[in-house]
Amino acid sequence: MTDMEYNHENPIYPRLAFYDSRMIQDVQQKLNAISMYLHRRWTIIPETGEMDDDTKEAIKNFQQWQYLSPTGEIDSDTQMRVDDIYRWSQRASQNMIRESQDYMEISRPMLTPETLSKRTLLIILVLFAVTTLKAQSSSDILSYISKYKDIALDQEKQFGIPATITLAQGILESGAGRSGLTKNANNHFGIKAFGGWTGPIYQAWDDEPNKSRFRVYSSAAESFRDHSLFLKNNSRYRSLFSKSVYDYRGWAIGLQKAGYATATTYAIALIGFIDSYRLYELNGGVKLRAGKTVVITRQATATQKAKFDASCQAADDELSEEEETVANAVKRYVVDINDVRCTILYPGMTLSSIAMKYDIPKEKLLEYNEVGSEKDIHEGDIVFIAKKKNKYTGAQDYYRVKKGDTLYGISQEFGIKYANLAKMNNKDIFSQLKEGEKIQLK
C-alpha cells in the first residue's frame, strides 16, 4: 500500500473502506466486472503501448477512487462514476478486437512501463488493490449469506435451530468462509475430531500447545448438519430449543451462557451480525428490541408471515448497540501496517480464533504482538500475524503523542518493535508519555 491510501488521522483504516453494507454488493459486482475486463486486456495491448481515448477517459475517472473522503464513504457522484466505468467496461468487453492487425499478443509477465502508459499501470494497480484487499469484509459476508442461507434454512426446518443463528455463527467462526479450516476442510464451525469421529481430519492451531485435529467434511452442507446435531444432542443446549426460531437474541445469549464460546462478547457478535445484515428476514422474522420478550400474535402459515407484538419489534433503521459494535468491527480488516500483516480482534473472537483462522501458533501471535498473555489483547486491538519491523518504513518520521497514548500502543499502531521504539526515543518500555511530545518512528 502507499501512504496515499491511508486515512492519516488513523493509519490503520485505509481510505478504500466501505461503510454501507447494502451498497457494497452492487459496487463490488461492478468492480469485479471491470476487473475481468482489464484482466483480459493484460494480453491484448496496442502495439503503440497506448490505450484508446475511451479507455484513457475511464482510467482518468477511475483514479477518483484514490481520493475518497477519509471516512471512505461513497457519495452519489462516486457511485455515478462507478456506474459509468462499469458500463464502459461492458461495452469494451463486447467489442474487444483480438483479430485486429493493430494489436499484438503479449504475455502477462511482459506488462511493463515500456508497453503501457503510467496512467494505465496506475489504474490496474489501483483496481486490483480495491478488488483483492481483504478490506471487502462486508462483501465477503454478503457473499457467505447468499451462498449458505438455504442450507441454514433447511437446518431450521429439520432441527429447530434459527437460520439466523446458524448463519451468524458461520460468519463469525469461519471468517465468512475465508479461514484455512473452512477452505481446506469444509469445516465452518470449528468442530474438532472428537466423539468417535472416524472420518478424515485436518490439523490447525487453536488454543492448545500443538495443532488440534478438526473434522473434514465433504461439503458445506455436511458441516452445517453436523453443527446442528452437535447442538441438538448436547444436553447443555437443551433449554434453547424451547425458544422460538424468531428469538435470535434469546438464542445468542443462551449459547454464550451455556459456554458455547469463551469470548465474553460472543452473543453481542451474533446479534450484531444478524441486525447488521438483516438476517432476521431470512425466516420471516423481525428486528428485535433488547430485553423484550418475543410475542407472536399470529403464527406463520403457508401464505402469511408471522405477526409480532409491537413492543418486541424494532424498526429496521434503528441501530442496536450490537449492530453498531459489529458495524465498527467490520470496517476494520486485515491490512499491512509498516508492510507487516495484521488483523483486528473482532467481537466474539479470541486470539485462538485468529490462530486457527491463519494457522499460526497462538504462542507466535503473542510473540509477534509482544505480550505475555492472551488477556493482554482486547476486543478492537490490532493483532499482528507476522513480526513487526525495527523502524517505520512509511513517509511519517515522527508521531505526536495524544492523550492516553502509550509507547506500546504506538508500537502497535505503526508496526514497530516495542523495544526498538523505546531505544530510538531514549526511553524505557515503562515510560509515561506526555501529550504533545514527539515520538521518533525511524
Side-chain angles (χ1 to χ4, degrees), residues 21 24-25 28-29 32 134 136-206 211-234 237 240 245 248 251-252 255 260-261 266 269-270 272-274 276-283 326 330 333-334 346 348-349 352-359:
S21 61
I24 190 173
Q25 190 171 33
Q28 184 65 36
Q29 287 173 349
N32 287 342
K134 298 197 180 198
Q136 310 301 338
S137 50
S138 287
S139 181
D140 293 334
I141 292 167
L142 289 166
S143 176
Y144 188 90
I145 294 166
S146 176
K147 193 170 184 179
Y148 300 113
K149 63 183 180 182
D150 289 340
I151 298 177
L153 286 167
D154 185 57
Q155 299 307 298
E156 181 179 294
K157 290 175 185 175
Q158 288 190 54
F159 299 99
I161 301 167
T164 51
I165 289 292
T166 300
L167 270 179
Q169 286 188 290
I171 289 165
L172 184 60
E173 294 171 34
S174 74
R178 297 182 71 93
S179 76
L181 182 62
T182 302
K183 289 179 178 179
N184 294 302
N186 272 319
N187 192 328
H188 288 247
F189 302 94
I191 297 180
K192 294 184 178 179
F194 297 148
W197 176 258
T198 58
I201 62 167
Y202 179 80
Q203 292 186 313
W205 296 104
D206 190 18
K211 282 192 172 185
S212 298
R213 294 155 58 91
F214 293 89
R215 299 183 180 189
V216 174
Y217 300 103
S218 59
S219 65
E222 187 181 343
S223 175
F224 274 68
R225 178 178 174 79
D226 203 26
H227 170 258
S228 297
L229 290 169
F230 172 78
L231 294 179
K232 190 73 174 178
N233 297 331
N234 195 318
Y237 305 117
L240 292 175
V245 292
Y248 61 86
W251 270 83
L255 282 168
Y260 184 92
Y266 190 72
L270 295 184
F273 279 117
I274 292 167
S276 296
Y277 293 90
R278 302 166 69 113
L279 298 184
Y280 48 81
E281 293 181 347
L282 293 177
N283 62 0
V326 168
V330 170
Y333 39 79
V334 175
Y346 288 3
M349 292 187 73
S352 297
S353 307
I354 294 175
M356 186 168 69
K357 183 174 178 180
Y358 295 101
D359 200 11

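Just so it is clear, the model here is predicted, and its values are computed rather than measured.
- The shortest non-hydrogen separation linking H188 to A220 is NE2-CB, 3.5 Å.
- Shown here are the side chain to side chain contact (heavy atoms under 4.5 Å, CB included) partners of K192, two or more places apart in sequence or in another chain: F194, D206, D207, E208, S212, F214.
- Here the closest heavy-atom approach between residue H227 and residue I191 is recorded as CA-CD1, 3.7 Å.
- Looking only at side-chain heavy atoms (C-beta outward), I201 and R213 come within less than 4.5 Å of each other.
- Listed here is the closest heavy atom pair of F273 and A168: CB-CB, 4.3 Å.
- Looking only at side-chain heavy atoms (C-beta outward), Y346 and V326 stay at 4.5 Å or farther from each other.
- Between F224 and F189 the shortest side-chain heavy-atom distance falls below 4.5 Å.
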side-chain contact (heavy atoms from CB on, under 4.5 Å) between Q155 and I161, intermediate numbers included: CA-CA 7 Å; Q155 299 307 298; I161 301 167; 5.6 Å; no
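- Ion pairing between a basic and an acidic side chain is recognised when a charged N comes within 4.0 Å of a carboxylate O; D359 and K211 show such pairing.
- Between the side chains of E222 and N186, not a single donor N or O lies within less than 3.5 Å of an accepting N or O.
- Residues T166 and E156 fail the side-chain proximity criterion, which asks for heavy atoms closer than 4.5 Å.
- Sorted pairs that involve residues 161-172 and meet salt bridge (Lys or Arg N to Asp or Glu O under 4.0 Å), not counting sequence neighbours, are lacking altogether.
- Rounded to the nearest 0.5 angstrom, F159 CZ and N233 CG are separated by 8.0 Å.
- Y217 has its ring centre less than 6.0 Å from the ring centre of W197.
- The shortest side-chain heavy-atom distance between L231 and Q169 falls under the 4.5 Å cut-off.
- A distance of 13.5 Å separates OH of Y144 from CG of L142, quoted to the nearest 0.5 Å.
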Full working for salt bridge (charged side-chain N to carboxylate O under 4.0 Å, His left out) between E281 and R278: CA-CA 6 Å; E281 293 181 347; R278 302 166 69 113; 2.7 Å; yes
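- Within the 4.5 Å cutoff, the side chain of E173 has no heavy atoms near those of the M356 side chain.
- Scanning both residues, V245 and T164, for their nearest heavy atoms gives O-OG1, 4.5 Å.
- Interatomic distance, CD1 of I171 versus CD1 of I141, reported as 6.0 Å (0.5 Å rounding).
- Taking all atoms of both residues into account, the shortest heavy-atom contact from G170 to S174 is O-OG, 2.5 Å.
- In this structure, the separation between OG1 on T182 and CZ on R178 is 11.5 Å, given to the nearest 0.5 Å.
- The structure places NZ of K183 at 9.5 Å from NZ of K357, a figure rounded to the nearest 0.5 Å.
- Not a single donor-acceptor pair under 3.5 Å links the side chain of D154 to the backbone N or O of D150.
- Residue K147 holds its NZ atom at 13.0 Å from CG of L167, rounded to the nearest 0.5 Å.
- Counting only distance, with no hydrogens or angles, the side chain of N187 and the backbone of L181 share no donor-acceptor pair below 3.5 Å.
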Y358/W205 under side-chain contact (heavy atoms from CB on, under 4.5 Å): CA gap, chis, key distance, verdict: CA-CA 8 Å; Y358 295 101; W205 296 104; over 6 Å; no
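- By the 4.5 Å heavy-atom criterion applied to side chains, L270 and Y248 are not counted as neighbours.
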